[in-house]
Amino acid sequence: MSALHAPLIGVTLDSEPPSTTGGYSRFAWYALRQNYMDMISACGGLPVALGHDVAQAAQMVARLDGLVVTGGAFDVPPELYGDEPPHATVQTKPRRTAAEIALLGEGLDLGRPVLGICGGMQLLAVLLGGRLVQHIPDTYPAALAHEQPNPRDEAGHVVHVTPGTQLARLVGCATLEVNSSHHQAVADAGRGVVSATAPDGVVEAIELPGHPFCMGVQWHPEFGISAGDRLLFEGLIDAARQTGT
């Protein structure tokens with residue numbers, strides 16, 4: 001790929017039902033915070049939004065140089081990792097999840113650089129054969145406030161980066177200040193490896209050894225709280241530039 005051409009980075013969208021209270025639209029709509037796109041652009045990528053059409057997933061990914069699977073206020077269905085019944089707090093978006101499974105699966109099969117963020121990391125872990133903790137307080141009684149009370153553009157806690165991992169090489173430090181907005185977590189990364197944890201033991205990042213760039217982080221680096229957040233996106237886009245179409 002010529003250095004003159006920015007890598008095309010697909011970004012998955014959230015979805016919302018029609019509003020009955022005067023919200024954005026009386027019809028179903030897609031949603032995405034602006035800072036996802038802004039961060040990718042600032043780091044040299046060309047972001048493009050991806051709809052939830054499973055039938056088009058292969059065609060979409062074939063044209064992409066990299067993929068970002070975003071987070072949202074919903075959960076991966078527990079039946080996908082063999083953990084039923086669902087916890088009372090679990091909320092799902094089946095159409096979005098089906099589309100993201102198709103997109104992420106294609107991305108992994110084609111060796112595209114992939115970054116999973118928050119729920120995107122959890123879905124990545126499941127696709128790699130792992131399992132999730134359905135509700136953190138039930139498994140970690142002394143857990144930190146992973147649904148942080150302060151604004152998401154501020155740090156909520158630190159994470160410890162696992163030495164020797166691709167994440168450690170990328171960010172160049174042993175700890176990162178991160179934000180936190182999740183009630184579920186990765187229990188087992190399957191074929192992946194854990195590359196960061198919170199002080200309470202909750203998994204905060206995973207990666208797939210042998211892949212050009214396949215990482216998941218539990219926090220939201222699109223807010224750019226630390227230098228490491230931008231380095232994650234720069235690493236994704238550099239990998240996309242190397243392996244791009």
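Given the structure is predicted, the values throughout are model-derived calculations rather than measurements. Residues: numbered from 1 along the sequence shown.
Atoms CG and CD, on Asn179 and Gln218 in that order, are 10.5 Å from each other to the nearest 0.5 Å. Rounding to the nearest 0.5 Å places NE2 of His160 at 12.0 Å from SG of Cys173. With values rounded to the nearest 0.5 angstrom, Asp53 atom CG is found 9.5 Å from Leu103 atom CG. In this structure, CG on Leu110 lies 10.5 Å from CG on Leu67, to the nearest 0.5 angstrom. Here the straight-line distance linking atom CG of Leu46 with atom CG of Leu8 works out to 5.5 Å at 0.5 Å rounding. A distance of 8.0 Å separates CH2 of Trp29 from OG of Ser19, quoted to the nearest 0.5 Å.
Two different hydrophobic clusters hold Ile117 and Val69 under the rule that ILVMFWY side chains link at heavy-atom gaps under 4.5 Å. By the criterion of side-chain heavy atoms lying less than 4.5 angstrom apart, applied directly or through intervening Ile, Leu, Val, Met, Phe, Trp or Tyr residues, Met215 is grouped together with Val161 in one hydrophobic cluster. In the hydrophobic clustering of ILVMFWY residues, with side-chain heavy atoms under 4.5 Å counting as a link, Ile101 and Leu64 come out together. Leu170 and Phe233 end up in the same hydrophobic cluster when Ile, Leu, Val, Met, Phe, Trp and Tyr side chains are linked at under 4.5 Å. Hydrophobic clustering of Ile, Leu, Val, Met, Phe, Trp and Tyr side chains at less than 4.5 Å, counting indirect connections, unites Tyr81 with Val194.
The nearest pair of heavy atoms linking Arg230 to Cys43 is CG-SG, 3.6 Å. Contact detail for Ala198 and Leu144: the closest heavy-atom pair is CB-CD1, 4.2 Å. When every heavy atom of Pro18 is checked against every heavy atom of Arg26, the shortest pair comes out as CB-O, 3.1 Å. In terms of heavy atoms, Gly111 sits closest to Pro212 at O-CG, 3.8 Å. When all heavy atoms are compared, the tightest approach of Leu176 to Gly228 is CD2-CA, 4.1 Å. The nearest pair of heavy atoms linking Ala168 to Pro163 is CB-CA, 4.4 Å.
More than 12 heavy atoms of other residues, nucleotides or ligands lie within 6.0 Å of CD in Glu84, so this atom counts as buried by the packing criterion.
Ser181 and Arg152 are linked by a side-chain donor-acceptor pair at a separation below 3.5 angstrom, with hydrogens and angles left out of the test. A donor-acceptor contact closer than 3.5 angstrom links the side chains of Thr70 and Thr12. A donor-acceptor contact closer than 3.5 angstrom is absent between the side chains of Gln148 and Glu154. The closest side-chain donor-acceptor pair between His182 and Gln184, if any, does not fall under 3.5 angstrom. Using modelled atom types and a 3.5 Å distance limit, the side chains of Asp229 and His220 yield no donor-acceptor pair.
For the pair Phe213/Gln166, a side-chain contact is recorded, criterion being any heavy-atom separation below 4.5 Å from C-beta on. Residues Thr97 and Phe74 have side chains in contact (heavy-atom distance under 4.5 Å, counting atoms from C-beta outward). The shortest distance between side-chain heavy atoms of Val126 and Arg131 does not fall below 4.5 Å. Residues His157 and Ser180 are in side-chain contact: their nearest non-hydrogen atoms beyond the backbone lie under 4.5 Å apart. Between Glu204 and Val217, the closest side-chain pair of non-hydrogen atoms is not below 4.5 Å. Val68 is listed as a side-chain neighbour of Ile9, based on a closest heavy-atom distance under 4.5 Å. Pro47 places a side-chain heavy atom less than 4.5 Å from the side chain of Ser41. Contact check for Val159 versus Trp219: side-chain heavy atoms found under the 4.5 Å cut-off.
The backbone N or O of Gly164 lies less than 3.5 Å from a partner atom in the side chain of Arg169, making a donor-acceptor pair. Between the side chain of Asn150 and the backbone N or O of Ala155 there is at least one donor-acceptor pair closer than 3.5 Å. Side chain of Thr165 to backbone of Thr162: a donor-acceptor contact under 3.5 angstrom is found.
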* **Criterion side chain to side chain contact (heavy atoms under 4.5 Å, CB included) on Asp14 and Glu16, from CA distance to verdict** => CA-CA 7 Å; Asp14 200 1; Glu16 294 295 336; 3.8 Å; yes
* Evaluate the criterion ring pair (Phe, Tyr, Trp, His ring centres under 6.0 Å) for residue pair Tyr30 and His52; output intermediate values, then yes/no. => CA-CA 9 Å; Tyr30 287 128; His52 298 168; 4.9 Å; yes
* To do: Take Leu132 and Asp83 through the test side chain to side chain contact (heavy atoms under 4.5 Å, CB included) and record every step on the way to the result.
  => CA-CA 8 Å; Leu132 305 182; Asp83 189 12; over 6 Å; no
* **Verdict with reasoning, Leu50 to Leu13, per side chain to side chain contact (heavy atoms under 4.5 Å, CB included)** => CA-CA 6 Å; Leu50 306 177; Leu13 296 165; 5.8 Å; no
* To do: Let me see the working for Asp138 and His87 under side chain to side chain contact (heavy atoms under 4.5 Å, CB included), right down to the final yes or no.
  => CA-CA 10 Å; Asp138 290 356; His87 192 275; 2.8 Å; yes
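Classification of Arg95 and Glu100 as a salt-bridged pair fails, no side-chain N sitting under 4.0 Å from a carboxylate O. Taking the charged nitrogens against the carboxylate oxygens, Asp65 and Arg241 have no contact shorter than 4.0 Å, which rules out a salt bridge. Asp75 and Lys93 are not joined by a salt bridge, as no carboxylate oxygen comes within less than 4.0 angstrom of a charged side-chain nitrogen.
Looking at Leu115, Val76, Leu108 one by one, the single match for side-chain contact (heavy atoms from CB on, under 4.5 Å) with Leu124 turns out to be Leu108. Looking at Met37, Met39, Arg33 one by one, the single match for side-chain contact (heavy atoms from CB on, under 4.5 Å) with Asn35 turns out to be Arg33.
The aromatic rings of His183 and His135 sit tilted, their planes meeting at an angle between 30° and 60°.
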